[in-house]
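Below is one structure, written out as structure tokens, with a few remarks after it.
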Amino acid sequence: MQSAFTSSTDGRRFIPSTSSLPNGVAAQAQRAGVKRLIHVSGIGADSRSQSLYIRKRGEGELAVREAFADAILIRPAVMFAPDDAFLTTILKLLERLPIYPMFGNGQMRLQPVYVEDVGQAIAKLLQRAQTRPIMFECGGPRVYSYEEFLRTVASAAGIKPILIPVPFTAWHALGWIAEMLPSPPITRNQVELMQVDSASSSDTPGMGELGISPHSIEEILQDALRKH
């Protein structure tokens, strides 16, 4: 018996049980005789982080390994798809805002990965013979600065926005105010994530070791633009 699961948040509201939930699932899997368990977390997960969101991701990983010692951890970079809430939201904002506010100075590094490539990675890991505990980081074929990423998306859509840097202090204040709304457009959790690089490490196994050639965001953008 094999299993793969993810525990995170919806990106807007933090779920307090982020570490207790995966621990419970992993413990149940161990008792049920599951031979292989894959926990999907995220690049940058750190149980010592000052960010509550990032810290809980790290604690979730530790909780899984505590209950299921041979669990495999997958840490994807920010994931995208043609009809997701990440890529489509950026496209809409670029179209509507002639002056686009960037997080900080736009130099945060990110390596967007296609969600179906991550799914393929999980499937391959479930089929592997080896069962030793290991961690994989899944990123796309290119590392962008946040500014480069915005310009890539804008160029594909035929848009020439003016990008302006906005300090993170201002974003945190905006997130604090927005969280008072029923459906906040931005939260402090999201701002905290934008302050941390989301790129895979060369020291950690990744897509290459699994024989996967990840799709570039430029490839998927064309499909996203047709649906958009």
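In this structure, Leu73 and Arg65 approach most closely via the heavy-atom pair CG-NH2, 3.7 Å. Closest of all the heavy-atom pairs between Pro101 and Val166 is CB-CG2, 3.6 Å. Annotation for Pro205 and Glu209: closest pair CB-OE1, 3.3 Å, computed over non-hydrogen atoms. Across all non-hydrogen atoms, the minimal contact from Val153 to Leu221 is CA-CD1, 3.9 Å. Among all heavy-atom pairs drawn from Pro214 and Asp117, the shortest one is CA-OD2, 3.3 Å. Nearest heavy-atom pair across Arg75 and Ile43 is O-CG1, 3.2 Å.
Taking CZ of Phe136 as the reference point, atom CD1 of Ile38 lies at 9.0 Å (rounded to 0.5 Å). Summarising the geometry, atom NE2 belonging to His172 is positioned 3.5 Å from atom CD belonging to Gln195; distances are rounded to the nearest 0.5 Å. Here the OG-CZ distance, from Ser47 to Arg57, works out to 14.0 Å after rounding to the nearest 0.5 Å. Separation of atoms CE (Met207) and NZ (Lys124) is listed at 10.0 Å; rounding is to 0.5 Å. Between the CG atom in Asp70 and the CD atom in Gln30 there is a gap of 7.5 Å [rounded to 0.5 Å]. For the atom pair OH (Tyr100) and CG (Leu94), the distance works out to 5.5 Å, reported to the nearest 0.5 Å.
Remark: side-chain polar atoms of Glu192 are not paired, donor with acceptor, to backbone N or O of Ile54 under 3.5 angstrom. Within the 3.5 Å criterion, the main-chain N or O of Leu125 finds a donor-acceptor partner in the side chain of Arg36. Looking at Arg151, its side chain never comes within 3.5 Å of a backbone N or O of Leu163 through a donor-acceptor pair. When atom types are taken as modelled, the side chain of Asn105 and the backbone of Pro165 share no donor-acceptor pair closer than 3.5 angstrom. Between the side chain of Ser41 and the main chain of Glu61, no donor-acceptor pair closer than 3.5 Å is present. Checking side-chain atoms of Gln190 against main-chain N and O of Thr187 turns up a donor-acceptor pair under 3.5 Å.
The closest side-chain heavy-atom distance from Thr152 to Arg142 is below 4.5 Å. Between Met108 and Asp197 the shortest side-chain heavy-atom distance falls below 4.5 Å. Using a 4.5 Å heavy-atom cutoff, the side chains of Arg188 and Leu52 are not in contact. The closest side-chain heavy-atom distance from Leu97 to Pro161 is not below 4.5 Å.
Follow the hydrophobic side-chain contacts under 4.5 Å out from Ile220 and you reach Ile159 in the same cluster. Leu210 and Ile72 fall within the same hydrophobic cluster, defined by Ile, Leu, Val, Met, Phe, Trp and Tyr side-chain heavy atoms under 4.5 Å apart, directly or through other members. Both Ile212 and Val118 belong to a common hydrophobic cluster when Ile, Leu, Val, Met, Phe, Trp and Tyr are linked at side-chain heavy-atom distances under 4.5 angstrom. Cluster annotation: Ile90 and Val143 are assigned to distinct hydrophobic clusters (Ile/Leu/Val/Met/Phe/Trp/Tyr, side-chain heavy-atom contacts under 4.5 Å, transitive). When the side chains of ILVMFWY residues are joined at heavy-atom separations under 4.5 Å, either directly or via intervening members, Phe68 and Met135 end up in two distinct hydrophobic clusters.
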*List the steps, then state whether side-chain contact (heavy atoms from CB on, under 4.5 Å) holds for Ile122 with Ile74.*
CA-CA 8 Å; Ile122 293 171; Ile74 285 191; 3.5 Å; yes
*Should Leu87 and Ile217 be marked as a side-chain contact (heavy atoms from CB on, under 4.5 Å) after you check the CA-CA gap, both sets of side-chain angles, and the distance that decides it?*
CA-CA 9 Å; Leu87 200 54; Ile217 198 153; 3.8 Å; yes
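Side chains of Gln111 and Ser200: a donor on one and an acceptor on the other come within 3.5 Å.
Ring geometry, His215 versus Tyr114: the interplanar angle exceeds 60°, so the pair is classed perpendicular (tilted spans 30 to 60°).
In this structure, the ring of Phe149 has its center less than 6.0 angstrom from the ring center of Phe86.
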